2 protein chains.
Amino acid sequence: MNDPDWNLYRTFLGVLESGSLSGAARALGLTQPTVGRHVDELEQALGHVLFTRSQQGLMPTELALSLRPYAQSLASTAAALRRQATGALNEIEGTVRISSSDVIGVEVLPPILAALQSEHTKLGIELSLSDAVEDLLRREADIAVRMTQPKQESLVVRHVGEIELGLHAHAGYLARHGRPVSFAELSTHCIIGYDRRTAFIRAMIGEIRKQAPDFPDPEQPCWSFRADSNLAQLAAIRAGVGIGFCQTRLAARDPHLVRLFPDFRLTLPTFVAMHEDLKTTPRYRRTFDALVTGLQDYIATRR
Amino acid sequence: MNDPDWNLYRTFLGVLESGSLSGAARALGLTQPTVGRHVDELEQALGHVLFTRSQQGLMPTELALSLRPYAQSLASTAAALRRQATGALNEIEGTVRISSSDVIGVEVLPPILAALQSEHTKLGIELSLSDAVEDLLRREADIAVRMTQPKQESLVVRHVGEIELGLHAHAGYLARHGRPVSFAELSTHCIIGYDRRTAFIRAMIGEIRKQAPDFPDPEQPCWSFRADSNLAQLAAIRAGVGIGFCQTRLAARDPHLVRLFPDFRLTLPTFVAMHEDLKTTPRYRRTFDALVTGLQDYIATRR
DNA sequence: TCCGGATCATTCATTTTTGAATATCATCCA
DNA sequence: TGGATGATATTCAAAAATGAATGATCCGGA
């Protein structure tokens, strides 16, 4: 039993992601008969049915679904290889892929990266917004900005400081609804919070209750605007939907945002991490350093 | 610029590993012209030279070497995918790849795995002897037996106990050289030890000096037989080369091995770990459980 | 009910990829 | 020095993969 053609894995992943032969063909720049043949061939090679065919698309079997993470890993590694192969090895050129949380990626990194790119015009940046800690090991990104300390041995990790979060609201919202002076009063306000309860969120809520025992319970109806994305929460605060947490440095940039209970704060430790392998290659090294100093500047900025 | 054919990566890796087009062709079941064309094609697609051709083989460029880990990751992921695809998903059949240290793999696991396989005749086992902690994330193995606690979030880890190491020698050796009764006396004996100094070894030597301050310094000439492989050390002890550390449970199996300084011991915490993704698939689950109970039995066995 | 739009399957000519054979060069050893 | 060996490069016919075209089927909306 020979190793099947590695391309079969690529088209397999395409079919899995698009849900149909024709869709995968469009996405991969092939034709539908070719994609169909690839699937047949892979099924033959593996000795199992991967999809149940129907005229409105293909239904992946349980086995096919279980193979998906492997195929994705192949795809991201192949992409990482190509990134590494772009540009000369010892120059600061080619592409670097960065993963960060959404707010940091949208609000904080662009100026840092813009400065870096204006210095190194041949440097390409890919920015992927995600919080998955495993990204770096799966080579889905070269460098990651994270709020939890990565613990893998093979990573270079740098702690850049603590990002401060505080309760904020738009001045217009406060004009309409009044400014709360006690945490208990918050129960008459609209609080912007999380949709799902992850371990991280639960820990954060615990921290809140420690500092502010009167803080309204997340079950109460005043937590009325919920979004998983911190970015959506930030937009909601800016739009005057209600009161929510956001980074104090970010809020300080917007003259209409008012900080409530200035002594009440949460802090997020912030790290920049990359694969150890990459530290000898100038473009990764330079980008890593730029992120570290850029984030340190961001954190250290006083109003 | 399109994604190059993923097969090119496979032949690229083959060329890197064999050092020549013809060698890679033999290894991959292709012909030399095909391999050569694949390399050309990949170079064209990446826009860089990967090998400097010569008539006695190919010299990889620095860039090619830097791409090697990516290509290896592709290969091991492809292999893991195929492993996952062998056998029916919900039966205990197909292949499971286990990584363990050499001594455990050679001396302890075989009976455990043999019992497992006699119960599940369609289950295939691959055993890879290696200590690299990252194996599981790179999918080079499905399950690992390790002496340090893996800390990755996405792993299922089980502590199975502490393996005890003690100083041992063959009865014949002691008959020839006498039996030492104090640690200081060891300096007139042949001590079997490590070749290189890793962080782990240094920690172990520190632990030794704590319990036995008189223990000869590794720099002294009495540490005369050195091997990186614990297996080679064990073989040396069994062959009567000198005095060395080995697992007390293993030594107890051989009536000719004598334990010296029975109160003097080192312990190695032992863990079984696997990817979280795999725990719902019966064959991995079953193998994991068999390893856990098998190792617990091994550790708990009294002479 | 019928038709447009989507799917997968099949066929066949075309393109691409492959391998066998061969040429050429370097190295090692008697 | 000459010959065996092992390497890459080149050539050309055979084999394999591909895509365009077509057919068949299902779904949903007018």
Side-chain angles (χ1 to χ4, degrees), chain A residues 1-65 67-68 71 74-75 78, chain B residues 1-46 48-65 67-68 71 74 78:
Chain A
M1 185 162 90
N2 253 333
D3 199 11
D5 193 320
W6 284 8
N7 286 318
L8 301 185
Y9 300 138
R10 177 171 51 180
T11 63
F12 166 69
L13 181 61
V15 175
L16 223 37
E17 288 185 338
S18 78
S20 76
L21 298 183
S22 354
R26 281 190 296 273
L28 297 168
L30 299 172
T31 57
Q32 168 258 318
T34 304
V35 173
R37 284 185 285 244
H38 281 184
V39 171
D40 290 344
E41 210 178 319
L42 187 60
E43 289 183 332
Q44 186 116 27
L46 298 179
H48 292 276
V49 177
L50 294 171
F51 298 94
T52 54
R53 270 81 163 170
S54 85
Q55 264 108 356
Q56 61 262 40
L58 302 199
M59 262 287 283
T61 62
E62 203 186 346
L63 177 68
L65 292 176
L67 297 179
R68 185 174 191 159
L74 286 175
Chain B
M1 184 161 91
N2 251 335
D3 199 11
D5 193 321
W6 284 8
N7 286 318
L8 301 184
Y9 299 137
R10 177 171 51 180
T11 64
F12 166 69
L13 181 61
V15 174
L16 270 181
E17 289 187 337
S18 78
S20 76
L21 299 183
S22 352
R26 282 190 296 273
L28 298 168
L30 300 172
T31 56
Q32 168 258 322
T34 306
V35 174
R37 283 185 287 244
H38 281 184
V39 171
D40 290 344
E41 208 178 321
L42 187 59
E43 288 183 331
Q44 187 115 29
L46 299 179
H48 292 275
V49 177
L50 294 171
F51 297 94
T52 55
R53 269 82 163 170
S54 85
Q55 264 110 356
Q56 62 262 41
L58 302 200
M59 261 285 285
T61 62
E62 201 185 347
L63 178 67
L65 292 175
L67 297 179
R68 185 174 188 159
L74 286 175

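Order of the sequence lines fixes the chain letters, A, B, ..., with proteins taken first and strands second; residue numbering starts at 1 for each chain. What you see is a predicted model; the values in this text were computed from it and never measured.
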Determine: side-chain N/O of Ser20(B) to OP1/OP2 of dG6(D), distance under 4.0 Å, yes or no.
no
So, does Thr34(A) get its side chain near the phosphate of dG19(D), meaning an N or O under 4.0 Å from OP1 or OP2?
yes
Nucleotide nearest His38(A) (side chain, heavy atoms from C-beta), chosen from dA7(D), dT18(D), dC8(C):
dT18(D)
In whole angstrom, give the distance that lies between atom CG of Asp40(B) and atom P of dT10(D).
9 Å
Quick check: any donor-acceptor pair below 3.5 Å linking the side-chain of Gln32(B) to the base of dA7(D)?
no
If the cut-off is 4.0 Å, is Arg37(A) near the phosphate of dT18(D), judged by side-chain N/O to OP1 or OP2?
no
Look at the side chain of Thr31(B) and decide which nucleotide, out of dA20(C), dT8(D), dA9(C), has an atom nearest to it.
dA20(C)
Below 4.5 Å, heavy atoms only, C-beta onward: do His38(B) and Val15(B) meet side chain to side chain?
no
Between P of dA17(D) and CG of Leu8(A), the distance in whole Å:
9 Å
Rounded to the nearest Å, what distance is computed from the CD atom of residue Glu43(A) to the P atom of nucleotide dC8(C)?
13 Å
Nearest of dT7(C), dA21(C), dA20(D) to any side-chain atom of Pro33(B)?
dA21(C)
Would you please confirm or rule out a distance under 4.0 Å between OP1 or OP2 of dT7(C) and any side-chain N or O of Arg26(A)?
yes
With a 4.5 Å cut-off on side-chain heavy atoms, are Leu50(B) and Leu42(B) touching?
yes
Could you tell me the separation between the CG atom of Leu30(A) and the C1' atom of dC8(C), rounded to a whole number of Å?
16 Å
Take the protein atom CZ of Arg53(B) and the nucleotide atom P of dA26(C), then report the distance between them rounded to whole Å.
17 Å
Test item: Gln44(B) and Asp40(B) side chains (from C-beta on) under 4.5 Å apart, heavy atoms:
no
Using atom types as modelled and distance alone, determine if a side-chain donor or acceptor of Thr61(A) lies under 3.5 Å from a backbone N or O of Ala64(A).
yes
CE of Met59(B) versus C1' of dA7(D): gap in Å, rounded?
16 Å
